[in-house]
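Notes for the one structure printed next.
Chain letters run A, B, ... following the sequence lines, proteins first and then strands; every chain starts at 1.
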There are 2 protein chains.
Amino acid sequence: MNISESLRNSSAGPKNLRGAELDDTDRLILRLLQDDAKLPNNAIAAAAGIAASTCHARIRSLQERGIIRGYHADVDPAAVGRGLQALISIRLQAHARANLTRFEEYLAELPAVEGIFFVTGDRDFLIHVAVPDSAALRELVASNLSVRPEVAGTSTAVLFDYVRPGTVRPED
Amino acid sequence: MNISESLRNSSAGPKNLRGAELDDTDRLILRLLQDDAKLPNNAIAAAAGIAASTCHARIRSLQERGIIRGYHADVDPAAVGRGLQALISIRLQAHARANLTRFEEYLAELPAVEGIFFVTGDRDFLIHVAVPDSAALRELVASNLSVRPEVAGTSTAVLFDYVRPGTVRPED
DNA sequence: TTTGAAAATTAGATACT
DNA sequence: AGTATCTAATTTTCAAA
């Protein structure tokens, strides 16, 4: 982002960055689909006050532009034998920045990893994990994280809850 | 769960806790639907090697048992004018534990909040937020968090990336 | 872009093994 | 639990405005 863009974006104007170009109808569609991806197209169309075919075309456009990245079932981790969640803060070795992408890919492959947060500034990040029990958590840290040469140290915080609020409301 | 069930579940056997009772077919269905909630039932059935009607019944059962909690579109926050993400650590006042639920509900209503992590032990937690820009982030912390009486202090870390790996793989 | 209407595909329900 | 078959609902395409 260059300086003029930066200045423009920091102004009070309502426009988005990145050729997004969403109108109110798009935003309504996004809100509804985030809430329930199974909502039939004709129901969305009715809610938006447009024809079903128009709604269909808009949704496809949102997908093609990468605004809708996909649709996913939300599965209760506890119900599939992952009743324990934790946040693990990982401090990286100072020299490990170069291979950061490789390490990220490694983390993303671990079945327990639900989310990876890359923090700016520091050489560390956070991972959100879901495991069967505390033994598995210990095992994960010891055998999959601490042993990696990139890792300088870890710090684990057990969660007693994780909540994802309804929607990423466009604007507001 | 009675004692004999508990003992059975805690053994090395493949069974899960909490009347989950998932077999390999269920796990495959969960994996596929987490990956792509739009996958048609007959495609899932074919992948699982069962009849479409059987697959349909299994999916419904997974929903009714709360194992599948819902289906959601994944919307790119940057595309809807929320190009800046951050993790905010919130330390609560010692006496604020009683009203924790109320405060949680307050947080969940904030449009910027994407996820709330309740950390055990300490009287604090983390929220994952997505906002338009750094001005909005400052405003969020100043006007929506710091002013709350429950909040003893906050600490903000800007993210340069957040990744949700494909699936919550059942077992592995 | 939007629309209505056809065509193709899918979901949901039922009865039966 | 699983399957086959039927019907309703939904998605998808498309010519036209």
Check: Would A/Asp26 and A/Arg31 pass as an ion pair if we require N to O under 4.0 Å?
Finding: no
Side-chain N or O of [X] less than 4.0 angstrom from OP1 or OP2 on [N]?
X	N	value
A/Asn41	D/dT10	no
A/Thr54	C/dT3	yes
B/His56	C/dA11	no
A/Ser53	C/dG4	no
B/Arg60	C/dA11	no

If I take atom [atom1] in residue [X] and atom [atom2] in nucleotide [N], what distance separates them, rounded to the nearest angstrom?
X	N	atom1	atom2	result
B/Asp24	D/dG2	CG	P	12 Å
B/Gln63	C/dA11	CD	P	11 Å
A/Asn42	D/dT10	CG	C1'	7 Å
B/Glu64	C/dA13	CD	C1'	13 Å
B/Asp23	D/dA1	CG	C1'	10 Å
A/Glu21	C/dT1	CD	P	11 Å
A/Arg58	D/dT11	CZ	C1'	18 Å
B/Ile29	D/dA1	CD1	P	13 Å

Item checked: A/Arg102 atom CZ: more than 12 heavy-atom contacts under 6.0 Å -> no
Margin query: I need the A/His56 NE2 to A/Ile50 CD1 distance, nearest 0.5 Å.
Written below: 12.0 Å
Notebook entry, point to check: Can you find a side-chain donor-acceptor pair between B/Tyr71 and B/Gln34 that sits under 3.5 Å?
Noted result: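 Checked: B/Tyr71/B/Gln34 side chains show no N/O donor-acceptor pair below 3.5 Å.
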Checklist line | Any side-chain donor near an acceptor of the partner, B/Arg138 and B/Ser134, under 3.5 Å | finding: no
Item checked: DNA chain C: 5'-proximal contact among A/Lys38 and A/Ala51 (nearest heavy atom) ->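 Per heavy-atom nearest nucleotide, the more 5' residue is A/Ala51.
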